[in-house]
Amino acid sequence: MSSNPCLIYVPELLQYNFGPQHPFNPLRLKLTIDLIDQLGLLTPTLLYPPESAVDADLHTVHDRHYVDAVKKAGDTGEAEPQDTQYYELGTEDNPVFSGMHHASLLLVGGTLTGAKRIASGKADHVLNFSGGLHHAVRAKASGFCIYNDLAVAISYLRSQGMRVAYVDIDAHHGDGVQWLFYDDPEVLTISFHESGKFLFPGTGTVYERGSKAGFGYSLNIPLEPFTQDQSFKEVLDMVLPVALEQFRPDVIVSQHGCDGHEFDPLAHLSFTTEAYSYAAKTIHQLSHRLCDGRWLATGGGGYDFWRVVPRVWTLLWAEMIEKGDLVDMPGEWLKKYGKHSPVALPEMVSDDTEAFSPKPRHAEIMEKNRLTAEKAMNPQFLLKGDPSRTQLAK
Amino acid sequence: MFVEDIMRKKLITIKMEQTILHALQLIKVNRIRHLPVLHNGELVGIVSDRDLRDVSPSVLLNEHSFILQNTSVKQIMKHEVIVIHPLDYLEDAVKLMYDHRIGCLPVTRNDRLVGIVTETDLLRALIELTGSTEPGSTLEIRVPERYGPLAEITKIVKNNKVSINSCFIRPDQSPQYRLIVMRLKTIDPANIIQEIQQAGYQVLRPLVGGDIDE
Ligand SMILES: [Zn+2]
Ligand SMILES: [Zn+2]
């Protein structure tokens, strides 16, 4: 597998910052980049700075008035009451911060730069840890996401005539990306997430399958709370290769939120780093098998930024550049951050899966997830796109 | 919710002298199951897909289309129609349809048909009532059956500056308790959950730690 990977990063990306009390802490990026660096995986030739996006890029998926409201809020430092009401700006989840429009533009630019490098053949694999803001929709911020970098990038890839498979393994449903391409049969969205019965945003049932010509081109695999690695891997294997082989994408865009880890404070899945490494490897292999290695990956959620995010994302980068033999965490990194971390930092890059005991009812959880995947993959529904088929949903 | 908020206003109707062949076509083309029957603009009856199927001869018989073309809707329609008023409540519609085991209620004002409510509309209303059309996190809280808990809990939500998508209270298995199901417009309800627990209430869902047997 010859490949030409690149990592999108500049320190200015840390400016996407909702403040010290907010769970979406830019430290997650810093800790990750430092870890990659100290493991010797940050070769300067692989590093590529993002080009900031421009308003016209945003307008391919976002409403102009919404973009204007974000700009204004970022300039004045506060949201007008109607902007909070209509656009969800200035809420506890999506607080206004100074310069938020520009910080968000750079972040969107990161993912878009990746898309452009892939479309022009300059790179095959691109990774942007700062991207992955999958909740933002056309005219609303949602769940820490101001602009939907993934949708802007997908929209660009579409404009280059490419068929896009979007794979989302964040613990939360990839709702924003799904709704933005719900009618489009050239974009297949697949989301693995904790069931929305209690977890935000609440959507992502197997019955959401796309609409109109896009019917069949949205796949959802809602997992039971406390799902563990074994079940996740099984379900991933049941769904991903089959769906992607049928769809025949020109490029894979993937979101690697790691808030499904056992330690994550927001969601209730029970993965270890093993689930994430396995998903990264599967997606990587499929990209080579199906679309000449064209693979654009982003970060996403992940709120245990001391213990989980840096390791999971380092393993993702290692997979991308085929350095799969990481063992110990670098001493310097542990020393540097150990004194700031409120929790003991793991000493191995990968979790010892033996140390995570089976959850109560794990057999039942596995069975339920298997049934969910079977339902999602029911050939009656898989990849259709005939408008009259939407009636089946009734 | 008033009936007028949930009823469908785009109406497909038939006149009583029209043929059942025509009725069958209307039902097929519009993918509906009920046709209100009008005479001089007034509602005089209703036919369902079942009524139509019951009188349709087997497709294998020769007289098939003869009967369909020569039987009028008037001959097979139900004359006794249970109707509802636009200012009735959602609960009235649900109760009527449930008690009479019917799938559809024409909505009339002064004997004029102004809308129709079907099972599908009730299900859509249910989706809206549970607030699941907007992104949010759901909590299920068990509270004692007395005055006060809801106010205390909503105050906690308010102090955390989070808005509520929907909220309903339903009986618990044990009569001393009620269940509050609340959808909050936030991705991160951890703080709110903690404060609700500190106030002495039991948060049943989301579970933490995986100990599913309560
Ligand atoms: Zn490769
Ligand atoms: Zn997430």
Side-chain angles (χ1 to χ4, degrees), chain A residues 21-24 84-85 88 90-95 135-137 140-145 170-173 175-176 179 194-205 224-228 259 262 264-270 301 303 356-362 364-365 388 390-391 394, chain B residues 27-33 49 103 118-121 123-124 127-141 156-166 179-195 203-214:
Chain A
Q21 298 306 317
H22 196 278
F24 200 90
T84 305
Q85 192 188 341
E88 302 284 326
T91 60
E92 290 295 289
D93 280 4
N94 317 306
H135 293 307
V137 288
K140 254 189 212 329
S142 175
F144 316 155
C145 308
D170 192 281
H172 301 94
H173 175 222
D175 57 343
W179 301 133
E194 178 185 332
S195 144
K197 222 168 284 165
F198 299 97
L199 189 74
F200 184 93
T203 44
T205 67
E224 292 297 295
F226 311 111
T227 294
Q228 294 180 285
D259 38 10
E262 166 82 12
D264 195 273
L266 256 62
H268 319 92
L269 295 171
S270 304
Y303 305 97
F356 294 77
S357 50
K359 291 285 170 186
R361 295 171 74 168
H362 77 276
E364 197 182 336
I365 290 171
S388 65
T390 52
Q391 291 304 322
K394 269 195 172 170
Chain B
I27 274 181
K28 198 168 163 207
V29 169
N30 295 293
R31 299 171 192 277
I32 51 176
R33 292 209 297 259
D49 55 347
T118 67
E119 285 160 337
T120 315
D121 302 314
L123 291 176
R124 189 174 2 89
I127 291 172
E128 272 172 41
L129 279 176
T130 56
S132 42
T133 49
E134 276 186 286
S137 307
T138 306
L139 308 188
E140 208 172 277
I141 309 150
I156 290 171
V157 176
K158 176 194 168 215
N159 291 343
N160 278 275
K161 297 186 189 155
V162 165
S163 70
I164 299 174
N165 288 340
S166 75
L179 286 179
I180 297 178
V181 181
M182 201 178 255
R183 256 180 90 90
L184 304 175
K185 202 189 271 180
T186 179
I187 191 174
D188 184 12
N191 224 9
I192 293 174
I193 290 174
Q194 204 190 347
E195 288 177 26
V203 179
L204 298 183
R205 294 285 194 287
L207 278 167
V208 272
D211 31 344
I212 291 163
D213 305 303
E214 294 126 32

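Naming: A, B, ... by sequence-line order, numbering from 1 per chain. Just so it is clear, the structure is predicted and the values come from calculations on it, not from any experiment.
- With ring centers used as reference points, A:Phe200 lies under 6.0 Å from A:His135.
- No part of A:His362 comes within reach of chain B, as not one of its non-hydrogen atoms sits under 4.5 angstrom from that chain.
- Salt-bridge annotation for A:Glu364 and A:Lys359: absent, with no side-chain N of the basic residue lying under 4.0 Å from a carboxylate O of the acidic one.
- For the residue pair A:Glu262 / A:Ser270, a side-chain donor-acceptor distance below 3.5 Å is found, with atom types taken as modelled.
- The ring pair (Phe, Tyr, Trp, His ring centres under 6.0 Å) test applied to A:His22 returns A:Phe18, A:Phe144, not counting sequence neighbours.
- Heavy-atom distances place the backbone of A:Leu199, and not its side chain, under 4.5 Å from chain B.
- Contact of A:Lys197 with chain B is made through the backbone alone, with heavy-atom distances under 4.5 Å.
- In this structure, the portion of A:Ser142 lying under 4.5 Å from any heavy atom of chain B is its side chain and not its backbone.
- Across all their heavy atoms, A:Asp93 and B:Lys185 have their closest contact at OD2-O, 4.1 Å.
- In this structure, no portion of A:His173 lies under 4.5 Å from any heavy atom of chain B.
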